[in-house]
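In what follows, every heavy atom counts, from backbone to side chain, and hydrogens, waters and symmetry copies are set aside. Here the structure is a predicted model, which means the values were calculated and not measured.
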Amino acid sequence: MDLNAVRTFVSVADTGQFQEAAAELAVTQQAVSKRIAALERNLGVRLFTRTARGAELTIDGQAFLPHARELLRVAERAVASVHTGRRPLRVDIIASRGAASGLMRAFHRAHPEIDLDVVMLFDIETAVAAIRSGAIDASFRAVTMPGRPLPDDIESVRVLDEPLQLLTGPAHALAGARSVTVAQLAGHRIWMPGIVPGTEWAAYYDDLVAEFGLTIEATGPNFGSDALLDTVADTPALATFMGEQTRLVWPADHGLRRIPVTDPTPVYPHSLLWHRDNPHPALAALRAHLAATAAGHAAAGTWTPGWVMPR
C-alpha cells in the first residue's frame, strides 16, 4: 500500500478539502485527487463523497481512517528505528535475572531519557554476529573463550566480576556454614543443568572443575530456575552455583541458603562488547556509566580462568 496515498487520505480527512490537503502536503490538487483515486481502487471502496462544503468521509472511509493513522505511526517508528540517535539502544543481557540485567536497570534509572531495547541472545557467536550486523549495539559476555578470540572490529571492556555463591537446601551438609572454601566443595555434587557445551559459561565452569577438582553435573533436562530450586531444596545431596547478583525468588518453606565461596572466591567476569564503529550516542553514555559505577576486577583472593581478558 502506497504510504503517500495513505498520508494524503488522512490529510484530506483532517482538512475536509482536497485543496487544503494539497497545500499541506506541498503537492497539486490534481496529485491529491490521483492519490485518493488510486487508494480507492486498491481498497475497492469509495473513501470520500464530494459535497459543496468539500470532501466528507464515507462509511468505509470512516472505518479506514483509524487504521490509516496507525499505518503512518508504524511507518514513522520503522524509520526512527534505523536512525542512530533516534532509535533505542539495543543491548543483549543474556538472561532477565542475571547480573547484566541489574547493570542495565541501574543505567536506566540513571538515564531514564534514553530509550532501550533489551534482548536476550543465547551464545556469544550469535551476539557477536548481531553486533557486527547492527542488529544490536552491545552485549554482556564473559570474553574471550579459549581458542576463539573476538574479531578485530569488536571492542570489549570488563565491567563486573560477580562472585559465585553456593545454593543449598536446608538439609545439605554445608547448609549451616556462613561461608565455604573452594576446597570444602570437593566431593559435593553441584548440579547445573543449564550448562550448555560450547558456551562461554561452560568454558568457565570447565576450568573451575579442572582447577579445584570439583564435581559439577550438567545432566538431565533444563526445566528452568524454578525446577532447579525445587530440586535443590528437596535433595540434601545436591547444591548449585549462583551468581551473587542473580535475582531469584523461591517459597519460604524451601529453606534455601546462599553461601559465599572463599579462598579463593570464584568470580564470573562480565564484559561489555560493541562494534568499534558504532556511532549510537547512547552507547557512549552506557560505557561511561559502567566505567563510573562498576566495581573493580581481578581483586586479591578471587579466581577467574586464565583465558579471561585482564581488562
Side-chain angles (χ1 to χ4, degrees), residues 90-104 118-133 135-167 182 190-212 214-219 222 224-225 228 240-248 261 264-276 286-287 290 294-299 302-311:
R90 303 187 189 110
V91 182
D92 162 43
I93 61 170
I94 306 178
S96 62
R97 297 179 176 179
S101 177
L103 292 174
M104 287 307 298
V118 175
V119 302
M120 287 169 275
L121 303 178
F122 184 70
D123 58 75
I124 192 169
E125 286 83 4
T126 301
V128 168
I131 292 172
R132 300 184 82 185
S133 70
I136 63 174
D137 296 297
S139 174
F140 288 93
R141 295 285 157 176
V143 292
T144 57
M145 291 172 58
R148 293 153 75 177
L150 291 174
D152 290 341
D153 56 349
I154 299 298
E155 302 283 350
S156 71
V157 63
R158 195 155 148 194
V159 296
L160 175 67
D161 280 1
E162 182 185 17
L164 293 189
Q165 295 179 332
L166 187 73
L167 185 74
V182 175
I190 300 171
W191 188 48
M192 303 188 71
I195 293 179
V196 178
T199 60
E200 67 259 37
W201 54 91
Y204 175 88
Y205 286 110
D206 284 347
D207 275 32
L208 184 64
V209 166
E211 182 77 15
F212 299 106
L214 304 184
T215 303
I216 294 182
E217 301 175 6
T219 56
N222 178 19
S225 59
L228 173 65
T240 193
F241 279 131
M242 177 181 294
E244 181 182 69
Q245 297 190 25
T246 298
R247 297 167 59 91
L248 293 176
V261 180
T265 296
V267 295
Y268 194 85
H270 298 274
S271 292
L272 184 73
L273 280 61
W274 69 94
H275 194 281
R276 67 185 178 194
L286 174 60
R287 291 169 52 194
L290 293 173
H297 54 77
T302 62
W303 175 88
T304 57
W307 47 266
V308 171
M309 297 183 67
R311 62 179 181 86

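- Rounded to the nearest 0.5 angstrom, Leu150 CG and Arg132 CZ are separated by 10.0 Å.
- For the pair Leu248 and Arg97, the minimum side-chain heavy-atom distance is below 4.5 Å.
- Looking only at side-chain heavy atoms (C-beta outward), Phe140 and Leu272 come within less than 4.5 Å of each other.
- Classified by interplanar angle (parallel below 30°, tilted 30° to 60°, perpendicular above 60°), the ring pair Trp201/Phe122 is perpendicular.
- A ring-centre distance under 6.0 Å is not found for Trp191 and Tyr205.
- Taking every heavy atom of both residues into account, Val267 and Pro163 meet most closely at CG1-CA, 3.8 Å.
- The distance from the CG atom of Leu160 to the CG atom of Leu103 is 5.5 Å, given to the nearest 0.5 Å.
- Put simply, the side chain of Ile94 does not reach to within 4.5 Å of the side chain of His270, judged on heavy atoms.
- Note: Ile93 CD1 to Ile136 CD1 = 11.5 Å, rounded to the nearest 0.5 Å.
- Atom CZ of Arg276 and atom CD of Glu155 lie 7.0 Å apart (nearest 0.5 Å).
- A 4.5 Å side-chain heavy-atom check between Ser139 and Leu121 finds every atom pair outside the cut-off.
- Within the model, atoms OG1 of Thr199 and CG of Asp123 stand 8.0 Å from one another, a figure rounded to the nearest 0.5 Å.
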Verdict with reasoning, Leu286 to Trp274, per side-chain contact (heavy atoms from CB on, under 4.5 Å): CA-CA 11 Å; Leu286 174 60; Trp274 69 94; over 6 Å; no

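- Checking side-chain atoms of Asp137 against main-chain N and O of Val91 turns up no donor-acceptor pair under 3.5 Å.
- Using a 4.5 Å heavy-atom cutoff, the side chains of Asp161 and Pro269 are in contact.
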Val157 and Leu290: CA distance, side-chain angles, deciding distance, side-chain contact (heavy atoms from CB on, under 4.5 Å) verdict: CA-CA 10 Å; Val157 63; Leu290 293 173; over 6 Å; no

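- Counting only heavy atoms from C-beta outward, the side chains of Trp303 and Val182 never approach each other to under 4.5 Å.
- When all heavy atoms of Ser101 and Ala95 are compared, the closest pair comes out as CB-O, 3.9 Å.
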Audit row: Tyr268, Glu244, side-chain contact (heavy atoms from CB on, under 4.5 Å) steps and yes/no: CA-CA 10 Å; Tyr268 194 85; Glu244 181 182 69; over 6 Å; no

Leu164 vs Leu208, side-chain contact (heavy atoms from CB on, under 4.5 Å): CA-CA, chis, key distance, verdict: CA-CA 11 Å; Leu164 293 189; Leu208 184 64; 4.1 Å; yes

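- Minimum heavy-atom separation, Glu162 to Ala99: OE1-CB, 3.5 Å.
- Residue Ile131 holds its CD1 atom at 5.0 Å from CD1 of Ile154, rounded to the nearest 0.5 Å.
- No side-chain heavy atom of Val128 sits under 4.5 Å from any side-chain heavy atom of Arg141.
- Using a 4.5 Å cut-off on side-chain heavy atoms (C-beta onward), Met192 and Ile190 make contact.
- Looking at every heavy atom in both residues, Asn222 comes nearest to Pro193 through CB-O, 3.6 Å.
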